[in-house]
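Chain A is the first sequence line, chain B the second, and so forth, proteins listed ahead of strands; every chain is numbered from 1.
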Amino acid sequence: MSDAVRVRFAPSPTGTLHLGGARTAIYNWAFARRNNGAFILRIDDTDRERSTPENTAQILRSLRWLGLDWDEGPEVGGEHGPYFQTERHGHYVRALDAMRTSRAAYPCFCSAAELEAKREAARANGVSMGYDRTCRTLDAAEVASRLDAGTPCVWRLAVPLERGPVVVEDEVRGTLEFPIEAMDDFVLARSDGSPTYNFASVVDDAEMAISHVIRGDDHLTNTPRQVLVFEALGMAVPRFAHLSMIWGPDGKKLSKRHGATSVEAYQEQGYLPEALLNYLALLGWSLDGETTVVPPEVLTANFSLERVSKNPAIFDPEKLSWLNGTYLRDLDPDEFIARMLPWLERSELAIAADFTSRPDWYRALVPLISERVRHLDEVADKVAFFFTEPSIDDAALSKVLAKEGARAALEGARAALDRVVWNAAAIEAALREVPESIGAKPKDVFQTIRVAVSGSTVSPPLFESLELLGRDTVLARIDGAVALTER
RNA sequence: GGCCCGUUCGUCUAGCGGUUUAGGACACCGCCCUCUCAAGGCGGAGAUCACGGGUUCGAAUCCCGUACGGGCUACCA
């Protein structure tokens with residue numbers, strides 16, 4: 001089937017997976033799933049200096065964490081491997097040979113210094129800065145002798161000047177037209193024989209039968225160059241779709257200054273993968289303009305390049321947080337617990353989570369906490385007082401416990417709670433009678449109890465919290481707080 | 001410099017020539033709910049659709065120009 005959809009995500013392991021790359025991966029993946037196609041992962045590690053196995057491993061981890069799966073690539077194999085460019089050298093050599101014999105590629109003996117000088121001169125004269133094609137017109141004998149002598153050279157594409165403009169029907173930008181005169185005889189293979197990005201990428205996309213190249217906007221002007229290589233190789237030209245960039249909140253390139261840029265960092269801050277996936281998917285694509293919560297399965301069922309936006313988007317951490325909160329709230333209790341427990345154990349408080357010994361207690365805790373957090377890393381702090389004796393913060397002390405009726409409120413509460421049936425409803429009923437008996441406002445009484453028990457003026461709902469804490473703990477904490485009140 | 005791309009509320013976007021007094025979401029403000037904080041409900045403010053010309057009975061939507069922003073112009077990807 002030549003019309004089978006085959007797309008690829010081809011990161012360079014020169015760094016971690018960042019937000020922009022993740023979105024590109026997500027779009028490719030969603031497009032493949034939507035069209036019953038194949039999603040291929042290829043590691044473009046031709047830059048040996050900056051590529052590392054650690055980065056590769058981290059990229060794979062982040063992709064998996066996001067919930068993406070690939071049909072071909074590292075860890076899963078496939079018919080078109082290998083999927084690391086550094087392992088595909090032979091393919092590039094053969095492709096270059098073919099282009100040498102067809103004279104689509106020619107050797108260039110200009111030194112780096114010479115090229116730099118030419119660029120300088122061009123810049124100074126205000127002329128186009130592309131390579132001046134000196135070596136393209138060397139006579140055959142000259143070329144042969146230099147090659148035989150082993151003179152270092154790179155191989156350049158002989159741009160077919162007579163071809164006419166390169167027209168690309170981009171799936172998101174529409175018709176793009178590039179004048180052939182503006183096209184440079186760019187380098188295909190370096191003097192050490194290694195392929196450049198624009199060459200390796202084309203050879204691989206061709207051999208891996210990629211049907212749609214969906215990638216970042218920064219590659220837009222590489223497209224006509226690559227089209228020329230596909231044609232020189234006699235291979236079918238894939239469809240292209242270029243995604244606009246993601247910018248930081250200040251409208252500048254997304255960088256560390258704007259906070260986390262790597263997917264891993266969001267994982268560490270307690271974001272849910274489905275929320276990040278959802279947010280990123282909506283940064284440049286929309287289901288209908290109305291829907292903001294788009295779970296993975298809805299994405300893969302509906303994604304289309306037609307609805308991808310042409311303009312760059314600014315990353316908004318606020319909206320991501322909000323979305324994360326909605327996903328957190330939608331989790332069913334057991335799922336919430338599963339995601340929450342690691343965060344309790346690894347928190348500063350090193351809370352000893354004992355889920356297996358009291359699962360129902362945890363299930364009751366979930367609703368108290370899930371609608372009050374936006375990230376999992378906030379959970380430990382919020383639930384700490386259920387697990388350890390809280391220290392009462394200064395503000396709560398002065399604003400609540402030091403107040404006049406505090407002692408009476410606590411003593412009233414203690415008496416009311418002493419013999420009540422221990423469930424939230426009964427606790428509430430009992431405590432609601434305290435204010436009147438001591439001539440205080442309900443709010444003040446409840447707030448005093450809250451501080452005594454949780455150590456803070458802000459906590460999950462009081463009566464439910466008391467129930468979960470247990471009578472002994474609650475009474476002990478109230479007694480402890482009484483000692484702190486003014487006599 | 002050359003080539004290419006983009007421009008709708010602060011932000012993400014809907015809109016694909018008339019149904020638009022430009023819709024939704026985040027953020028913001030107010031009210032309700034309420035034991036705090038949230039969550040939720042209701043309401044509000046917020047966009048002369050970058051600007052200027054056309055085309056058309058009619059333009060955010062089509063065309064041209066300008067401005068601003070961005071990308072590429074490497075033996076990086």
Q.
Base, sugar-phosphate or nothing for A:Arg215? Non-hydrogen atoms, less than 4.0 Å.
A. nothing
Q. Do the rings of A:Phe387 and A:Tyr362 sit parallel, tilted or perpendicular, given the 30° and 60° boundaries?
A. tilted
Q.
Using whole Å, what does the distance between atom P of nucleotide B:A38 and atom CZ of A:Arg329 come to?
A. 12 Å
Q) To the side chain of A:Arg307, which of B:U13, B:G15, B:G69 is closest? A) B:G15
(Q) Rounding to an integer number of Å, can you tell me how far A:Leu19 CG sits from B:C12 P? (A) 14 Å
**Q.** Single hit among A:Arg133, A:Met183, A:Glu181 for side chain to side chain contact (heavy atoms under 4.5 Å, CB included) with A:Leu161
**A.** A:Arg133
(Q) Taking only the C1' atom of each, what is the distance from B:G24 to B:C51 in whole angstrom? (A) 28 Å
(Q) Counting the benzene-type ring for Trp, do A:Tyr27 and A:His212 have ring centres under 6.0 Å apart? (A) no
Q. With sequence neighbours left out, what residues match A:Glu464 under salt bridge (Lys or Arg N to Asp or Glu O under 4.0 Å)?
A. none
Q: Give the nucleotide from the list B:C26, B:A77, B:C5 with an atom nearest to the side chain of A:Asp47.
A: B:A77
Q: Return no unless some side-chain N or O of A:Thr46 is found under 4.0 Å from OP1 or OP2 of B:A77.
A: yes
Q. Only one of A:Leu365, A:Val383, A:Leu368 forms a side chain to side chain contact (heavy atoms under 4.5 Å, CB included) with A:Pro460, so which one is it?
A. A:Leu368
Taking N or O atoms only and anything under 3.5 Å, show me the protein contacts with nucleotides 42-45 of chain B, one pair per line.
none

Q. In whole angstroms, how far is the C1' atom of B:A39 from the CG atom of A:Leu331?
A. 16 Å
Q.
Which residues in residues 277-293 of chain A have a heavy atom closer than 4.0 Å to any atom of RNA chain B?
A. A:Leu282, A:Leu283, A:Gly284, A:Ser286, A:Asp288, A:Gly289, A:Glu290, A:Thr292
Q | Gap between atoms OH and P, on A:Tyr327 and B:C26 respectively (whole Å) | A | 14 Å
Q | A:Tyr271 and A:Tyr266 aromatic ring geometry - parallel, tilted or perpendicular at 30°/60° bounds | A | perpendicular
Q: Report, as yes or no, whether the 6.0 Å neighbourhood of atom CD on A:Glu436 holds more than 12 heavy atoms from other residues, nucleotides or ligands.
A: no
Q: Using the P atoms only, state how far B:G46 lies from B:G69, rounded to an integer number of Å.
A: 29 Å
Below 3.5 Å between N/O atoms, which protein atoms pair up with nucleotides 72-75 of chain B? Just atom names and distances, please.
residue	atom	partner	partner atom	Å
B:C72	O4'	A:Thr221	OG1	3.0
B:C72	O2'	A:Thr221	OG1	3.2
B:C72	O2'	A:Arg225	NH2	2.4
B:C75	O2	A:Ser191	N	3.0
B:C75	O2	A:Ser191	OG	3.0
B:C75	N3	A:Ser191	OG	2.9

Q. For the pair made of CD in A:Glu120 and P in B:G2, what is the distance, rounded to whole Å?
A. 18 Å
Q | Among A:Asn423, A:Val474, A:Ile478, side chain to side chain contact (heavy atoms under 4.5 Å, CB included) partner for A:Leu466 | A | A:Val474
Q. Can you check side chain to side chain contact (heavy atoms under 4.5 Å, CB included) on A:Ser456 and A:Phe385, steps first, answer last?
A. CA-CA 9 Å; A:Ser456 164; A:Phe385 77 93; over 6 Å; no
Q: Enumerate the residues from residues 311-322 of chain A whose closest heavy atom to RNA chain B is under 4.0 Å, giving them by residue number; use none for an empty result.
A: A:Asn311, A:Pro312, A:Ala313, A:Ile314, A:Asp316, A:Glu318, A:Lys319, A:Trp322
Q. Base, sugar-phosphate, or nothing for A:Glu49, non-hydrogen atoms under 4.0 angstrom?
A. nothing
Q: To the nearest Å, give me how far apart CG (A:Asp250) and P (B:G69) are.
A: 14 Å
Q. Quick one: do A:Asp185 and A:Arg136 make a salt bridge, cutoff under 4.0 Å?
A. yes
(Q) Whole angstroms only, please: what is the CH2-P distance between A:Trp247 and B:U13? (A) 11 Å
Between protein and nucleic acid, restricted to nucleotides 29-35 of chain B and to nitrogen or oxygen atoms under 3.5 Å apart, what atom pairs and distances do you find?
residue	atom	partner	partner atom	Å
B:C35	OP1	A:Arg432	NH1	3.3
B:C35	OP1	A:Arg432	NH2	2.6
B:C35	O2'	A:Arg450	NH2	3.1
B:C35	O2	A:Arg450	NH2	2.5
B:C35	N3	A:Leu462	N	3.2

Q. Rounded to whole angstroms, how far apart are CE on A:Met245 and P on B:A77?
A. 17 Å
